[in-house]
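Counting begins at 1 with the first residue of the sequence.
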Amino acid sequence: IYILPGEAALATSSIAILSTPDEYLNTAAQELKAYLERMSGRTWDIVQGDMAGPAIRLDVKPNEARLAGRNDEAVWLFSDDGIRIIGKTPIATRHGAYILLEKLGVRWFFSHPAWEVVPDTLANLGPLDEVQEPFFMRRDIQIGIGYLVATANSQMDWRRWLWRNRMGGPDFYEAKSNWPAFAERYAVMGEDPTAVCYKPDGISPQQSLPDHPVVINRALNYARNYFATETSRHLYSNDLLRKMSVPISPQDGNEIWCDEWRVNGNYSAEVITDKAFSLTNQVAKMLQTDYPGRSAPVLSYSWYSVLPSYP
């Protein structure tokens, strides 16, 4: 698409990948090709490296001056000899490809193809020069809607929907209930019987004690092991993301807490909140020293949804 007034603006049929190709740039190029062919009725070529004449050019420049001071998902779209999309990271360039398609009228309302809108002609966009970046670091939908759609390609449909609506960035901020991953009550009891509270039978463990040294040590080691590798694949998008947070949050439920945490016969949200947040805080303090820039999120719901009593 040669962005100049007039019909000549739509003369090109080439997509050039200027940077070293990877999964993000290849996806960007393939998605542009697929939708531009549907809208233009022409075959579009993908080439590696620059070329003469108008083209849509995909590039990655972490030190691009127009992106200075922006986050790693910032992308610059502008008209030159065609359209150039420069992302601060490869995933940002992929974002830029979808931004361009949205400007041309393409929409993906839900993951099933029936909710896709694709114009039957190419719009003339006029001169283009803009920088975009997401307002929120984490953009996620936990329910795998695409897994529930009765099509052979439902999982891939959902994955593409996440890409197309720019639901993920280069960083992974994970937050979930996961005490059992490092403090499963029977395992903790086996290590130290005093590190759990018990059911009325006095034999079966009810819950691990988050302020017990054994449980604290387990949480710290879990966080260290989590950050032993720097990246992780997102469950739904399959993007390779940098790990930025390790979740330290209890599971939810009613009859899973210690009887000692009751007040006047009922579980105390204040007590349970303090217990949950204090363990997460222990991990956060370690991360400040050993893994600067990383965090330990804790959910705030179920019986631990009030403000903790300590500053």
Side-chain angles (χ1 to χ4, degrees), residues 1-4 9 12 14-32 46-104 106 125-140 162-175 227 229-234 237 239-245 287-295 297:
I1 305 174
Y2 191 29
I3 299 303
L4 287 175
T12 186
S14 298
I15 302 163
I17 301 176
L18 305 189
S19 301
T20 302
D22 63 8
E23 60 190 273
Y24 304 105
L25 295 178
N26 288 337
T27 296
Q30 291 293 339
E31 290 277 79
L32 285 171
I46 299 174
V47 299
Q48 178 60 47
D50 210 349
M51 55 177 289
I56 297 178
R57 292 174 170 84
L58 306 177
D59 206 353
V60 179
K61 292 185 176 181
N63 299 316
E64 168 58 49
R66 281 294 301 271
L67 303 178
R70 304 276 187 165
N71 65 40
D72 285 347
E73 294 182 77
V75 59
W76 180 24
L77 293 85
F78 63 97
S79 308
D80 58 358
D81 192 9
I83 292 179
R84 196 172 297 258
I85 301 174
I86 299 178
K88 203 167 186 178
T89 58
I91 201 170
T93 303
R94 190 183 72 187
H95 289 344
Y98 293 125
I99 292 170
L100 176 60
L101 290 174
E102 284 185 346
K103 288 181 175 297
L104 292 168
V106 182
L125 299 180
L128 185 65
D129 183 6
E130 64 182 65
V131 172
Q132 289 197 24
E133 64 180 344
F135 289 102
F136 299 97
M137 290 189 299
R138 173 173 171 156
R139 307 171 305 282
D140 204 358
L162 294 172
W163 295 346
R164 291 164 179 168
N165 288 279
R166 305 184 290 287
M167 293 300 295
D171 298 328
F172 187 31
Y173 293 88
E174 188 172 19
F227 286 121
T229 55
E230 295 185 355
T231 58
S232 177
R233 290 280 177 184
H234 190 276
S237 73
D239 287 336
L240 186 63
L241 310 177
R242 293 178 303 211
K243 296 179 181 177
M244 299 302 294
S245 67
L287 295 178
Q288 284 183 324
T289 302
D290 295 357
Y291 299 90
R294 302 307 194 263
S295 62

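Take D59 and apply the side-chain contact (heavy atoms from CB on, under 4.5 Å) test, not counting sequence neighbours, and it matches L18, S19, K61, I86. Evaluation of the salt bridge (Lys or Arg N to Asp or Glu O under 4.0 Å) rule for R57 yields D50 as partners, not counting sequence neighbours. Taking the side-chain contact (heavy atoms from CB on, under 4.5 Å) definition, one finds that S295 meets it with S245, P297, sequence neighbours left out. Under the salt bridge (Lys or Arg N to Asp or Glu O under 4.0 Å) criterion, E64 pairs with no residue, sequence neighbours left out. Considering only residues two or more places apart in sequence or on other chains, D22 meets the salt bridge (Lys or Arg N to Asp or Glu O under 4.0 Å) condition with none of them.
Residues S79 and G126 share a closest heavy-atom pair of OG-O, 4.2 Å. Heavy-atom minimum distance, A92 versus D72: CB-O, 3.7 Å. Of all the heavy atoms in Y291 and F227, the pair that sits closest is CE2-CB, 3.6 Å.
If you run side-chain contact (heavy atoms from CB on, under 4.5 Å) between R94 and each of V75, D239, N26, I85, only D239 comes through.
With hydrogens and angles ignored, the 3.5 Å screen pairs no side-chain donor or acceptor of T93 with any backbone N or O of L25. Between the side chain of E133 and the backbone N or O of R70 there is no donor-acceptor pair closer than 3.5 Å.
The residues R138 and D171 are annotated as not salt-bridged, no charged nitrogen and carboxylate oxygen being separated by less than 4.0 angstrom. A salt bridge links R164 to E31: at least one charged side-chain nitrogen sits closer than 4.0 Å to a carboxylate oxygen. Of the charged side-chain nitrogens involved, none lies within less than 4.0 Å of a carboxylate oxygen, so that R66 and E130 do not count as a salt-bridged pair.
Side-chain atoms of K243 and T231 include no donor-acceptor pair closer than 3.5 Å.
Annotation: side chain of L240 is in contact with side chain of Y24 (closest heavy-atom distance under 4.5 Å). No side-chain heavy atom of P134 sits less than 4.5 Å from a side-chain heavy atom of R166. Using a 4.5 Å heavy-atom cutoff, the side chains of L32 and I56 are in contact.
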Dump the intermediate steps for side chain to side chain contact (heavy atoms under 4.5 Å, CB included) on W76 and D129, then the final yes or no.
CA-CA 7 Å; W76 180 24; D129 183 6; 2.8 Å; yes
Go through the steps to decide whether F172 and M244 satisfy the test side chain to side chain contact (heavy atoms under 4.5 Å, CB included), and finish with yes or no.
CA-CA 6 Å; F172 187 31; M244 299 302 294; 5.9 Å; no
With side chain to side chain contact (heavy atoms under 4.5 Å, CB included) as the test, would you mind laying out the steps for E73 and H95 before giving the verdict?
CA-CA 8 Å; E73 294 182 77; H95 289 344; 2.8 Å; yes
Could you go through the side chain to side chain contact (heavy atoms under 4.5 Å, CB included) check for W163 and T27 one step at a time?
CA-CA 9 Å; W163 295 346; T27 296; 3.6 Å; yes
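Screening residues 49-69 for ring pair (Phe, Tyr, Trp, His ring centres under 6.0 Å) gives no qualifying pairs among residues at least two apart or on separate chains.
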